[in-house]
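Take a look at the structure below.
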Amino acid sequence: MLDPKAIAAMLKKETPLRPALGMVLGSGFQNALDELDAAREITYSQIPGFPTVGVTGHAGKLVVGTFDSAPVIVLKGRVHYYEGYEMDRLTFPVRVLAELGVRTILLTNAAGAVNTSYRTGDFMAVEDHINFMGANPLRGPAYPGLPRFVDLTRVYDRRLIDLARKAAKASRLRLRKGVYLAVSGPNYETPAEIRAFRRLGADAVGMSTVPEAIVARQCGLAVAAVCCITNKAGGDEKTGVLSHSDVVATGESKRNEMAWFLKTFAVLHAHARR
Ligand code: HPA
């Protein structure tokens, strides 16, 4: 694995902006950057160590810019474990953001509702997670200077959940709070799996975010994660067959609210740091 410090040093030459806030835009959120004033965009293929092919087939981009005057660095597009990447490769960009000076990271994703009271189009602030991916991004050689055994008692920062609540209110999004269960995918779940996940205490299910959250905690970042509930999780025969295009379409229908949410979150975060 490359040294994230070396890649960060290279990227620092590209822009004088040093955002304390990083964002990872997952499926559905990709087109929610309308409110961002982008100063510099670099495609992942130009950055050594960054994984290149995403689920939509579009190249991912690292974007540095400002929401109003709040600086932010955005990973637009992520790759997933189910695409075949190793966990350390998948989470390398998070390590680079930490070396670039990011202190807070907002992870976004599309997820299926396990909790029966959730509706398509709701948002959920992640309060805790269950790693059901069968893999761990911290496996492998230790990173010098970082903890080997990472405490996960409180992965998702309470103050950031409160910021997300305020930003959702301003953006007219209904925000739930709950437990995100991560699977490796890429298949959607069976009815028996969803019943089991409900019993385990999950409110939403998805195929991302947890590896990044774990690595971000190892790097000492404050973490927030927000899901767009794009569908009822598999197994509801009344809802019919799930398709990736429906998942993306739900995300797209919330685009304006999401764009406003991301901006408000960034502005509130910048104020809270002053
Ligand atoms: N299951 C797993 N991942 C998902 C889902 C789902 O129902 N919806 C969006 N991502």
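In listed order, ligands and their atoms are each counted from 1.
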Q | Backbone of Pro71 reached by a side-chain donor or acceptor of Thr66 within 3.5 Å | A | no
Q: Check Val183 against ligand 1 and report side chain, backbone, both or neither, counting heavy atoms closer than 4.0 Å.
A: neither
Q: Measure the distance from atom 1 (N) of ligand 1 to every protein heavy atom, then report the residue, atom name and distance (to 0.1 Å) of the closest one.
A: Glu189 OE1, 2.9 Å
(Q) Give the atom numbers and elements of ligand 1 that come within less than 4.0 Å of a heavy atom of Gly112. (A) 5 (C), 6 (C), 7 (O), 8 (N), 9 (C)
Q: Using only heavy-atom distances, determine whether the side chains of Glu212 and Thr209 contain a donor-acceptor pair under 3.5 Å.
A: no
Q) What pairs of residues pass the ring-ring contact (aromatic ring centres under 6.0 Å, His included) test when at least one of them lies in residues 148-178, not counting sequence neighbours? A) His129-Tyr156
Q: Would you indicate which of Thr250, Val205, Thr230 comes nearest to atom 4 (C) of ligand 1 when only heavy atoms are counted?
A: Val205
**Q.** Identity and separation of the nearest protein heavy atom to atom 6 (C) of ligand 1
**A.** Tyr188 CD2, 3.6 Å
**Q.** Location of contacts on Asn231 toward ligand 1, heavy atoms closer than 4.0 Å
**A.** side chain
Q.
Out of all atoms in ligand 1, which are within 4.0 Å of some heavy atom of Ala110? Include the element for each.
A. 9 (C), 10 (N)
Indicate every side-chain donor-acceptor pair of residues 6-19 with a distance under 3.5 Å to a residue at least two apart or in another chain.
| unit_1 | atom_1 | unit_2 | atom_2 | d |
| --- | --- | --- | --- | --- |
| Glu14 | OE1 | Arg40 | NE | 3.1 |
| Glu14 | OE1 | Arg40 | NH2 | 2.3 |
| Thr15 | OG1 | Leu17 | N | 3.0 |
| Arg18 | NH1 | Thr15 | O | 2.8 |
| Arg18 | NH2 | Lys12 | O | 3.1 |

Q | Arg158 side chain to Asp162 backbone, donor-acceptor under 3.5 Å | A | no
**Q.** Nearest-option assignment for atom 3 (N) of ligand 1, heavy atoms, candidates Gly206, Cys227, Gly234, Ser208
**A.** Gly206
Q | Crowding at CD, Glu86 (>12 non-hydrogen neighbours, <6.0 Å) | A | no
